[in-house]
Amino acid sequence: MTSVQLPDGSIKEFESSVTVKEVAQSIGRGLAKAALWGEIDLQPVPLDHVIEGTKVPLKIVTNNKNAALEIMRHSCAHVMARAVMRIKKGSIQLAFGPTTDNGFYYDFMLEQPLTEDDFPKIEAEMAKIIELDEPFERLVEPREKAVQICADLKQEFKVEHINEGLADDETLSFYQQGEFIDLCRGPHVPSPKTIGAFKLLTIAGAYWKGDQSRQQLQRLYATAFFTQEELDKHQENQEEAKKRDHRVLGKKLGLFHIDEMVGQGLVLWTPKGAFIRQQLQDFILFHLRKQGYDQVFTPHIGKLDLYKTSGHFPYYEDSQYPAIVDRDTMAKLAEEGCTCGELSNRMSAGEVEGYLLKPMNCPHHIKIYDSQQRSYRDLPLRLAEFGTVYRWEQSGEIGGLTRVRGFTQDDAHLFVTQEQLADELIGCIKLVKIVFAAMGMEDYSVRVGKRDPNGDKYVGDPANWDLAEQACREAAETLGKPFTEEEGEAAFYGPKIDFVVKDCLGRKWQLGTVQVDYNLPERFGLSYIGADNAAHRPIMIHRAPFGSMERFIGVMIEHFAGSFPLWLAPEQARVLTVSEKSEDYGRKVEQQLISAGLRVTGDYRSEKLGAKIRDGRLDLLPYMLIVGPRDAENGTVSVRDRVEGDLGAMPLAQAIARFQQEVEQKTVRRPDEDGSDGTD
RNA sequence: GCUGCUGUAGCUCAGUGGUAGAGCACUUCAUUGGUAAUGAAGAGGUCAUGGGUUCAAGUCCCAUCAGUAGCUCCA
């Protein structure tokens, strides 16, 4: 008599001893098919493991659970590390080898660095290890013994981790497979053969414990799946994702250009991209006016004194372009034999004045606020500007439109009273909501950044912080969408609400932001006269619904996969003539559409219609208007829609009305996921 | 900034130390067609830049610049 207890508490009884597989079969055919291994007392056992006894606590692990995939991948990481230790000569220090969303990695410090040339050898060795099918054996040791084991293995990272990271653990577990033994919490798959298909991906640098001041390790990325088909499918998906990369589409569609001679991270907006940017700017401007914002313009540079007052210089000097010194001063300094280092020191000390390319817009806006006496009746004052700022980002961080050195924020600064703060924050959130809704963008996350209760870097009255954090929380709630609250994520000057989206490769980017600031009003000594006839300090809100035009458009290119909605599309429609015989009519149609305010071009080449349609498809045109002799005779156009395909002939006026309505309503229509237009 | 990889025609990419290649795009000519590629010809190159090794370098080595994946950073 054998019985097992399943995770739901139910007991299943058997006449005699049974295998895990038989238990699975007794529950259902589907389960038996999906079963990978069993787990008894949290210890994995293979499917042919024989169960005896009563009320044996059994869990059947299947491949449709992410947990199983993670366990398998982690086991694969052990196999990979073992293979690396066999292949590479010299000492090898193991660090961590966790799983990621799409695979796993292992960090090593090697005497001989890894290169991609090692991949085939490592993969072959891994295949050999898997073929041997040695189990992962669990050993539990008291901490002194554990430290000794790691020390004997000359694994200093592990020793450090036990002593520091795992200081509270009485006992520690190891997993051993053949000659390879590794400190590891587990669990592991019962049989390495469960690892169906794996592939090494790339090598990258990583710092021990993520600390730049510590040893740099080599991180070997790989992925694994239960079957080769799943691995192939995954790789195919990754390739597909790369096709919607904004850097690829930006080039293909001619939206922007980044030129080596201009400089890293400095974007040149070509006509089509500039059009999208302008259109988005007009869109947000319309809503800013409705919400009582005032537009301002400020210069791209400002005196160092301004940024010393704001605290941005020299504190953030490393991430700014160096200051500009005027010609006369420069000549004088040169005469004195002043070196660059001295110049820098003297600018920091305030002995030499210079100009800074603005790293943010707030100081300029503050000076506009402060240019006249303000009454509480003037507040809230909302100053908006599409302000271009320049930051010296690390070279390794720059890429595409998402991280650049010169970018334009859809910036605004709100000067408010404490009583107005909560409502104004809600107003800011409303704008962000309008933006995301217009884009049909639902896949974003919201983060409320609060101060670290134990931190001491924060400026301002803790009571005000409490109020501001509460106001941020309440504003975030108006989104009707879950959000996270993260302690220690606030800026030193105030709490904030951030909006984060993912790019085509799964990387996270902050777009919109709303930040409360108690610091700058203080530093600039801002005030307003209250109803009590006394001076009071206003609070500032920094906010940018897009974040930056560059990053936002980069993310939107990927969001729409280049197929922008009609109101944003630089080229809304193209007239295609069936043959040159229809060119006159085609040009007439084109003119009428342009007169109706639509952005239309014509393709009058002596190509076949099929070729013109193909080119139009590759350019991701929302509409193609095919005109031939029949249309010329009837005053029609044959409309080909990006989403629905051939719509047939319709009177020109009807087509224009359709387009105008779609533009007016800012309709977002997505082509099918597979990229077909429904007619092919 | 750090680790790995990459840099060849406008674009996407081949290229074994021995004469610089393809497809697409472009130009010209022919073709006049109804929903994803008409045909032919032509033009297009300081092989990222600078050094080095070699009888000989796109190819091997070093440096620099740029791109890229990741790490670190992001007021």
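Every chain is numbered from 1, with letters handed out A, B, ... down the list of sequences.
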Base, sugar-phosphate alone, or nothing: which one does [X] contact when heavy atoms must sit under 4.0 Å apart?
X      : result
A:E607 : base
A:A491 : nothing
A:Q394 : base
A:I258 : nothing
A:L201 : nothing
A:S310 : nothing
A:A206 : sugar-phosphate
A:Q238 : nothing
A:G616 : nothing
A:Y493 : sugar-phosphate
A:G399 : sugar-phosphate

Is the phosphate of B:rA69, meaning OP1 or OP2, less than 4.0 Å from a side-chain N or O of A:R247?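 For B:rA69, OP1/OP2 do have a side-chain N/O of A:R247 under 4.0 Å.
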
A:R507 side chain N/O closer than 4.0 Å to the phosphate oxygens (OP1, OP2) of B:rG70?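 Affirmative; the distance criterion is met.
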
Is the base of [N] touched by the side chain of [X] through a donor-acceptor pair closer than 3.5 angstrom?
X      : N      : answer
A:R403 : B:rC73 : yes
A:E580 : B:rU32 : yes
A:S606 : B:rU31 : yes
A:T115 : B:rG4  : no
A:Y221 : B:rG4  : no

Paired with [N] by Watson-Crick or G-U wobble geometry, both distances under 3.5 Å: which nucleotide is it?
N      : result
B:rA22 : B:rU12
B:rA36 : none
B:rG7  : B:rC65

Parallel, tilted or perpendicular, as decided by the 30° and 60° cut-offs, for the rings of A:H413 and A:H365: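 Ring orientation, 0 to 90° scale: perpendicular.
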
Within residues 625-632 of chain A, residues whose heavy atoms come under 4.0 Å of RNA chain B: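 Those residues are A:I626, A:G628, A:P629, A:R630, A:D631.
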
Salt bridge (Lys or Arg N to Asp or Glu O under 4.0 Å): which pairs involve residues 540-549 of chain A, sequence neighbours left out?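 Of all non-adjacent pairs touching residues 540-549 of chain A, none passes salt bridge (Lys or Arg N to Asp or Glu O under 4.0 Å).
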
Work out how far the P atom of B:rA25 is from that of B:rC11, and round it to whole angstrom.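 It works out to 15 Å between them.
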
Side chain of [X] (C-beta onward), nearest among [options]:
X      : options                : value
A:A204 : B:rU38, B:rG34, B:rA69 : B:rA69
A:K251 : B:rA75, B:rG33, B:rC11 : B:rC11
A:R391 : B:rA75, B:rG70, B:rU35 : B:rA75

Ignoring hydrogens and angles, tell me if any N or O in the side chain of A:D631 forms a donor-acceptor pair with the backbone of A:G628 under 3.5 Å.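 Judged by distance alone, yes, a pair lies under 3.5 Å.
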
Exactly one of A:V404, A:I553, A:D259 should register a side-chain contact (heavy atoms from CB on, under 4.5 Å) with A:V267. Which one does?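 That would be A:V404; it is the only one of A:V404, A:I553, A:D259 passing the side-chain contact (heavy atoms from CB on, under 4.5 Å) with A:V267.
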
Side-chain donor-acceptor contacts of residues 486-494 of chain A below 3.5 Å, not counting sequence neighbours, with atom names and distances?
unit_1: A:E486; atom_1: OE2; unit_2: A:T484; atom_2: OG1; d: 3.0
unit_1: A:Y493; atom_1: OH; unit_2: A:Q515; atom_2: OE1; d: 2.4

